[in-house]
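Accompanying notes for the structure given below.
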Amino acid sequence: MTPGRSEVRTIQWVGGRVTLIDQTLLPLRERYVTCGTWEEVASAIRNMVVRGAPAIGVAAAMAMAMAAREAACGPAGFERALHDATNVLFSTRPTAVNLGWALEQMGRVWRRSDLSVQERVDMMERRALQIQEEDVSSCRCIGEYGADLILSGCLAAGAEGGGQRGAPAPDPVILTHCNAGALATAGYGTALGIIRSVHARRPGVRVLTDETRPLLQGARLTAWELQRDGIACEVITDGMAGHFLKSGEITHVIVGADRIAANGDTANKIGTYGVAVLARENSVPFIVAAPLSTADFDLPDGSSIPIEERAAEEVTWCGGRQMCPAGVAARNPSFDVTPARYITAIVTDRGAALPPLGPALRAVAGHAGGTA
Ligand code: MRU
């Protein structure tokens with residue numbers, strides 16, 4: 001794939017080590033950290049040096065390739081060591097299914113008793129790099145399918161609909177939440193992938209990004225990516241989303257996903273659910289963008305998606321400054337679940353699923369291309 005003009009190097013495999021752009025420091029510092037052991041990659045995932053569902057999956061796959069090389073010459077048994085590494089990596093961030101998916105993909109290699117240890121080590125490195133490449137290609141496909149859908153002007157938010165079937169679409173004004181961009185993937189992005197593809201065809205597209213408290217992924221990361229790409233972007237506080245959705249200015253909401261249940265219920269960054277309800281109230285189409293590997297067909301609905309709880313200090317402190325009275329309690333669920341009924345479309349790397357989302361997702365998973 002041709003890289004974009006400001007391609008972000010989120011995760012790099014350099015001579016058996018993993019180099020990550022440190023997302024905790026952006027946008028003020030562009031610093032790269034190199035992880036020399038799989039345990040360092042695990043810490044980087046836990047501490048959100050690397051974050052975003054697909055990026056976490058790629059980093060975990062590379063960590064397993066590092067663990068395999070270490071285990072091949074270590075004192076513990078090869079499979080025992082990789083079993084332990086899998087468990088540690090799996091526990092780093094519970095909500096995004098891409099992490100478990102990538103570990104499962106790597107497990108299919110290291111469990112192959114028909115191959116020598118060295119063959120499995122080499123194959124794991126190749127598989128990790130393949131997962132990385134596939135993720136960039138997936139994002140490009142999501143971008144194209146999503147741009148087709150948006151620019152066709154045929155989306156309606158709900159039964160009453162806000163779409164203008166058949167009418168030429170105006171330059172879109174897109175609201176997004178959190179960061180589902182190149183930084184959250186191996187490159188190009190899911191929600192931002194669609195925005196990039198729309199921008200390539202309609203340079204007049206504009207973006208409003210929620211700042212996304214507590215860790216400000218929208219203000220720090222989405223704004224940074226879009227500014228680098230010359231895509232018009234304005235940051236708003238999370239509480240302003242309803243105001244702008246009601247104003248009629250926003251034509252579409254596009255967000256990423258950390259896990260999509262079989263019926264289409266979608267876990268994404270905390271605050272997404274509120275945006276979805278406000279979008280429906282104001283007849284604005286609400287689009288989820290994610291590779292099919294984010295779908296968890298083992299979960300019938302979103303009620304059993306594990307929601308990560310992070311430290312209260314992420315809420316009580318912001319940018320190194322205490323925001324609340326010392327000692328006050330705080331809650332910090334990192335994700336919420338948007339019921340499928342609020343979702344106008346799920347755009348995957350294999351095509352777009354339209355309501356009813358359960359059967360449509362299964363159809364998209366079963367065939368390549370188009371809209372189901
Ligand atoms: O806690 P984060 O920053 O990892 O949360 C990220 C999100 O919620 C993204 O929207 C999601 O992972 C999709 S990324 C393509």
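Worth saying up front: this structure is predicted, and the values here are computed from it rather than measured. Remember, it's 1-based here, ligands and their atoms both numbered in the order they're listed. Below, each value reflects all heavy atoms present in this structure, side chains not excepted, and no hydrogens, waters or symmetry copies.
Side-chain atoms of Asn268 and Thr266 form no donor-acceptor pair, as typed in the model, at a separation below 3.5 Å. One side chain, Gln105 or Arg127, offers a donor N or O that lies under 3.5 Å from an acceptor on the other. A donor atom on one side chain and an acceptor atom on the other are not found under 3.5 Å apart for His199 and Arg196. When only modelled atom types and interatomic distance are considered, Lys269 and Thr212 share no side-chain donor-acceptor pair under 3.5 Å.
Nearest non-hydrogen protein atom to atom 9 (C) of ligand 1 is Asn268 OD1, 3.4 Å. Scanning the protein for heavy atoms near atom 15 (C) of ligand 1, the closest one is Thr190 OG1, 3.1 Å. Looking only at heavy atoms of the protein, atom 2 (P) of ligand 1 is closest to Arg93 NH1, 3.6 Å. Ranking protein heavy atoms by distance to atom 14 (S) of ligand 1, first place goes to Ala184 CB, 3.4 Å.
Atom numbering of ligand 1 starts at 1 in the shown order; those under 4.0 Å from a heavy atom of Phe335 are 1 (O), 5 (O), 8 (O). Listed by atom number, the atoms of ligand 1 under 4.0 Å from Cys178 heavy atoms are 5 (O), 6 (C), 7 (C), 8 (O). Atoms of ligand 1 lying under 4.0 Å from any heavy atom of Ala180, numbered from 1 in the order shown and given with element: 14 (S), 15 (C).
No continuous path of hydrophobic side-chain contacts links Val253 to Val337 [ILVMFWY only; heavy atoms under 4.5 Å].
Ligand 1 has a nitrogen or oxygen under 3.5 angstrom from a nitrogen or oxygen of Ala53. For the pair Gln217 and ligand 1, the shortest N or O to N or O distance falls below 3.5 Å.
A salt bridge does not link Arg126 with Asp122: every distance from a Lys NZ or Arg NE/NH1/NH2 to an Asp or Glu carboxylate oxygen is 4.0 Å or more. A salt bridge does not link Asp238 with Arg213: every distance from a Lys NZ or Arg NE/NH1/NH2 to an Asp or Glu carboxylate oxygen is 4.0 Å or more. We find that Glu211 and Arg220 are not joined by a salt bridge, their nearest charged nitrogen and carboxylate oxygen being 4.0 Å or further apart. Note on Glu79 versus Arg120: salt bridge recorded, some NZ/NE/NH1/NH2 to OD/OE distance being below 4.0 Å.
Taking all heavy atoms of Arg51, Arg310, Lys269 into account, the minimum distance to atom 1 (O) of ligand 1 is reached by Lys269. Nearest to atom 8 (O) of ligand 1 by heavy atom, out of Asp258, Leu215, Ile270, is Asp258.
The shell of residues lying under 4.0 angstrom from ligand 1, judged by heavy atoms, includes Pro54. At least one heavy atom of Met48 sits less than 4.0 Å from an atom of ligand 1. Heavy atoms of Asn179 come nearer than 4.0 angstrom to ligand 1 in at least one pair.
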Go through the steps for Arg140 and Glu144 under the test salt bridge (Lys or Arg N to Asp or Glu O under 4.0 Å), then give the verdict. CA-CA 6 Å; Arg140 296 266 176 186; Glu144 291 307 300; over 6 Å; no

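Residue contacts with ligand 1, taken as heavy atom pairs separated by less than 4.0 Å, do not involve His177 at all. Contacts of Ala55 with ligand 1, taken as heavy-atom pairs under 4.0 Å, are absent altogether.
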